[in-house]
Amino acid sequence: MKNKFQEVLLSALSEIGYPTEKVIVQSPKNPDHGDFTTNYPMINSKEIGKSPMEIASIIVDKINSSGNELIDKIDSIPPGFINVKINKDMLSNQLKQIILSDSDYGKNDTGKNKSALIEFVSANPTGPLTVGHGRNAILGDTVCNILEWNGFNINREYYFNNAGRQMRVLGESVYVRYMELLGENLEIPDGGYEGLYIKDIAKIIFDTHQEKFKGDSSNKIFKQTAEEYIFEDIEKTLKKIGLKFDSFFNENTLYDNNDIDRTVNDLKAKNLIYEKDGATWFKATAAGRDMDRVIIKSTGEPTYRLPDIAYHRDKFDRNFDVIVDVFGADHMDAYPDVIAAIKSLDYDSDKIKVLIHQFVTVLKNGEPVKMSTRKANFISLDSLIDEVGADVTRFFFIMRSMNTHLNFDLDLAKEQSDANPVFYIQYAHARCCNMLRRFEGDLDSIDESSLEHLKLDIETQLINKLLTFSEVIRKSSQTLEPQNISNYLAELSSSFHSYYAKERVIDSDNKILTEARIYLVNATRIVIRNGLKVLGVSAPEQM
RNA sequence: GCACCCGUGGCUCAACUGGAUAGAGCAUCUGACUACGGAUCAGAAGGUUGCAGGUUCGAAUCCUGCCGGGUGUACCA
């Protein structure tokens, strides 16, 4: 609908001879300002060389004189807005699109034949996922859903490293617990892992092998068993929130297929590598960064930046059109170096979108809990899901902008769950379903001409809201900010609840009005359900 | 010190990416079901958007400088 008005506006502009580059049409938050509004006169005033109000009235006159059936009323308002009311019949007619498209309503094909790789979670298998990982996981997954609704082919990828120092320490920690089971008390190594799950892993090894590995602290069985056990645990948790990865990328493969060496050589060929103090440096300053970085230590071991560069290169070589990285704020400093390197290697770094989310501060008894996987004082994502449920968990993490430092009060989480907006939205959906159940006619045979009875302001506002859904989806594919969708759904639900309380829908004395309104309710149901689907939240028919 | 993020009613957060009277939810107060589910609705109260300048028709949003909080700033990942 907005597009249609935009077309009318554009053709009017070109007839007058005004520039058509800067045209913004918005849905005003204040319904008194009409169905759509544009600030065109103000932002183009300088270029045209006339006052905004002058421009506005010229445009309004032009559109009025062309007598378009789409427009009911168009006005110029100081300091230079143009407000439009759409013909109500045209508006209510659009509901048909929603009903017809049904579960596809809101989808578009801007990403058709394009593929996107989204890397997220990427936690190394050193322990269960924390609440912090949860934010990353749900943000990433929702971004995937959004892109899918915009027609992209999505690959969800989990990158991990099972070779580093952390993993070695993990294995050693398991060994200590294993020895404990054999009656020997050893010290947990410096920086070792203290979580209870380490004991579980040790128990598994003990149960199957008894004392076979006594004294054999470096045996790879400790690390390997731990990795398998932890990954199983992680996948179980991810499954609980409905998340499934398409691929797991092991950092090791970059070494096995020589991508690491190849990357160093190619950077060298670009004259971006030099040796200093026995280490190998990447000349990041040449790419606009403020300092050079070591990529191979004097010990011969690469720093994490090198495999990261090689990994991103691999992503490009797999020919994705869009590459999204979802990182916590701790990667703030690292990724620009990676992008600088990628750019230097002649890849189109604009394809990469990096989403940085701030950390989650967990409050327990009003005190922040300092989370550390090693120290095992983290709050696991798994226990959070068990406590508040998958829907609330998902919704909670995307309803806020990723830029906020999220405070998660554990004690409040449970209490608040009754007042959580997710229930508000789900209830609106359940309400729609309930009304459709109560409706005694046949949904499919509603005469669409009855829609012209939807004349109340509150109805056109609801219809307008429903029709902006596809636009919300489209826009979120650009911003990659899922909270736009949850905000939208909360607003839509509010409009609906309000309508419900004010107007009787099912009225046996007025069959035709009932049909029109039930049609509207059905459309509302579809939009809410689709919106929740994008967020990965269930849309119950009863609660 | 430097880089990035944040600062919005008592609390947790929005604000269509520069638009019109800064909006919700919790908490507080007042109302609303013998008709579609009260997990709801209608209303009240609560604000100098951290502070000070600047940019322009217009700023919570952009720029500069302070103040306060977070994260990072390794030949750790």
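Chain letters run A, B, ... following the sequence lines, proteins first, then strands; residues in each count from 1. Quantities reported herein were computed from a predicted structural model and do not represent experimental measurements.
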Please state the C1' separation for the pair G53(B) and U12(B) - nearest whole angstrom. 32 Å

Nearest to side-chain heavy atoms of N487(A), which nucleotide of C13(B), A15(B), C5(B): A15(B)

Under 3.5 Å, is there a donor-acceptor pair linking the side chains of T110(A) and N108(A)? yes

Hey, what's the ring geometry for Y311(A) with F249(A), parallel, tilted or perpendicular (30° and 60° as the breaks)? tilted

From the set A42(B), C36(B), C5(B), return the single nucleotide nearest to any side-chain atom of S498(A). A42(B)

Under the side-chain hydrogen bond (donor to acceptor under 3.5 Å, both in side chains) rule, what do T514(A) and D507(A) come out as? Steps first, then yes or no, please. CA-CA 6 Å; T514(A) 299; D507(A) 178 359; 5.5 Å; no

No-hydrogen, no-angle side-chain donor-acceptor test under 3.5 Å, Y18(A) and E47(A): no

Using a heavy-atom cut-off of 4.0 Å across all strands, would you classify A329(A) as base, sugar-phosphate, or nothing? sugar-phosphate

Considering every strand and a 4.0 Å limit on heavy-atom distances, what is the contact class for Q483(A): base, sugar-phosphate, or nothing? sugar-phosphate

Base, sugar-phosphate or nothing for D509(A)? Non-hydrogen atoms, less than 4.0 Å. nothing

With sugar-phosphate meaning primed atoms plus P, OP1 and OP2, does I43(A) contact a base, only sugar-phosphate, or nothing at under 4.0 Å between heavy atoms? base

Go through A15(B), U40(B), C5(B) for me and flag the one nearest to the H497(A) side chain. U40(B)

Please give the distance between the C1' atoms of G50(B) and C67(B) as a whole number of Å. 7 Å

Whole-Å distance separating the CD atom of Q358(A) from the P atom of G72(B): 11 Å

How many Å lie between CE on M53(A) and P on A20(B), as a whole number? 17 Å

A35(B) pairs with which nucleotide, Watson-Crick or G-U wobble, both distances below 3.5 Å? none

Rounding to an integer number of angstrom, what distance separates G18(B) and A60(B) when you compare their P atoms? 13 Å

Separation of atom CG in L406(A) from atom C1' in G69(B), rounded to whole Å: 15 Å

Are the ring of F359(A) and the six-membered base ring of G70(B) within the stacking cut-offs of under 5.5 Å and under 30°? no

So if I apply the side chain to side chain contact (heavy atoms under 4.5 Å, CB included) rule between F120(A) and each of F245(A), F327(A), Y159(A), which one comes out positive? F245(A)

Suppose you measure atom C1' in G58(B) against the same atom in G38(B); what distance do you get, rounded to whole Å? 43 Å

Nearest 0.5 Å, what's the CG-OG1 distance between L462(A) and T524(A)? 4.5 Å

Please check if any side-chain donor atom of Y274(A) sits under 3.5 Å from a side-chain acceptor atom of D292(A), or the reverse. yes

Rounded to whole Å, the CD1-P distance (I458(A) to A42(B)) equals 8 Å

Across every strand shown, the nucleotide meeting Watson-Crick or G-U wobble geometry with U28(B) (both distances under 3.5 Å) is A44(B)

So does Q26(A) get a side-chain nitrogen or oxygen closer than 4.0 Å to the phosphate oxygens (OP1/OP2) of U17(B)? yes

Whole-Å P distance, C62(B) and U17(B): 13 Å

Among A39(B), U21(B), U73(B), which nucleotide sits nearest the side chain of N30(A)? U21(B)

Just checking E481(A): base, sugar-phosphate only, or nothing, at a heavy-atom cut-off of under 4.0 Å? base

Would you say R431(A) places a side-chain N or O within less than 4.0 Å of OP1 or OP2 belonging to G38(B)? yes

Reckon N161(A) touches a base, only the sugar-phosphate, or nothing at all at heavy-atom distances under 4.0 Å? sugar-phosphate

For S27(A), answer base if it contacts any base atom (sugar-phosphate contacts may also be present), sugar-phosphate if it contacts only those atoms, and nothing otherwise; contact means non-hydrogen atoms under 4.0 Å. base

Could you check whether H33(A) and the base of A20(B) form a stacked pair, meaning centres closer than 5.5 Å and planes differing by less than 30°? yes

Counting any heavy atom closer than 4.0 Å, what does T37(A) reach on the DNA or RNA strands: base, sugar-phosphate only, or nothing? base

Candidate nucleotides G70(B), C75(B), U73(B), ranked by approach to the side chain of S298(A) - the nearest: C75(B)

Rounded to whole angstrom units, what separation is found between the NE2 atom of H357(A) and the P atom of G72(B)? 13 Å

With C1' as the reference atom in both, quote the distance from A14(B) to U61(B) in angstrom, rounded to an integer. 13 Å

Starting from P on C57(B), measure out to CD1 on I24(A) and report it in whole angstrom. 16 Å

Roughly how many Å apart are G65(B) and C2(B), using the P atom of each and rounding to a whole number? 10 Å

Heavy atoms under 4.0 Å, any strand shown: does T479(A) hit a base, just sugar-phosphate, or nothing? base

Taken to the nearest whole Å, CZ/R293(A) to P/A77(B) is 13 Å

Taken to the nearest 0.5 Å, the spacing of I485(A) CD1 from T479(A) OG1 works out to 8.0 Å

How would you label the contact of R504(A) with the nucleic acid (heavy atoms, under 4.0 Å): base, sugar-phosphate, or nothing? base

Counting the atoms with a prime plus P, OP1 and OP2 as sugar-phosphate, which does N124(A) contact under 4.0 Å by heavy atoms, base, sugar-phosphate, or nothing? sugar-phosphate

Round to a whole Å and report the spacing from CZ of R437(A) to C1' of C36(B). 11 Å

Taking the side chain of T303(A) as its heavy atoms from C-beta onward, which of A20(B), C75(B), G38(B) lies nearest to it? C75(B)

Look at the side-chain N and O atoms of K502(A) and state whether any lies under 4.0 Å from the OP1 or OP2 oxygen of A42(B). no

Find out whether the Lys NZ or Arg CZ of R431(A) is both under 6.0 angstrom from the six-membered ring centre of F496(A) and within 45° of the ring's axis. no

Winner on side-chain proximity to Y424(A), out of U56(B), A39(B), C41(B), is C41(B)

Given the 90°-from-0 boundary between syn and anti, U17(B) should be labelled syn

Do T130(A) and H133(A) meet the criterion of a side-chain donor-acceptor pair at a distance under 3.5 Å? yes

Hey, does the side chain of K29(A) come within less than 4.0 Å of G23(B)'s phosphate (OP1/OP2), counting only N and O? no

Tell me what Q166(A) touches on the nucleic acid: a base, only sugar-phosphate, or nothing, going by heavy atoms under 4.0 Å. nothing

Write down the distance separating the C1' atoms in G9(B) and G25(B), rounded off to the nearest Å. 13 Å

Considering only U17(B), C36(B), A14(B), which nucleotide approaches the side chain of R400(A) most closely? A14(B)

Which part of the nucleic acid, if any, lies within contact of E503(A), taking any heavy atom under 4.0 Å across all strands shown: a base, the sugar-phosphate backbone alone, or nothing? base

Return the nearest nucleotide to the side chain of N403(A); candidates are U40(B), C16(B), C5(B). C5(B)

Consider the side chain of Y427(A), meaning its heavy atoms from C-beta on, and name the nucleotide among A20(B), U40(B), C5(B) that approaches it most closely. U40(B)

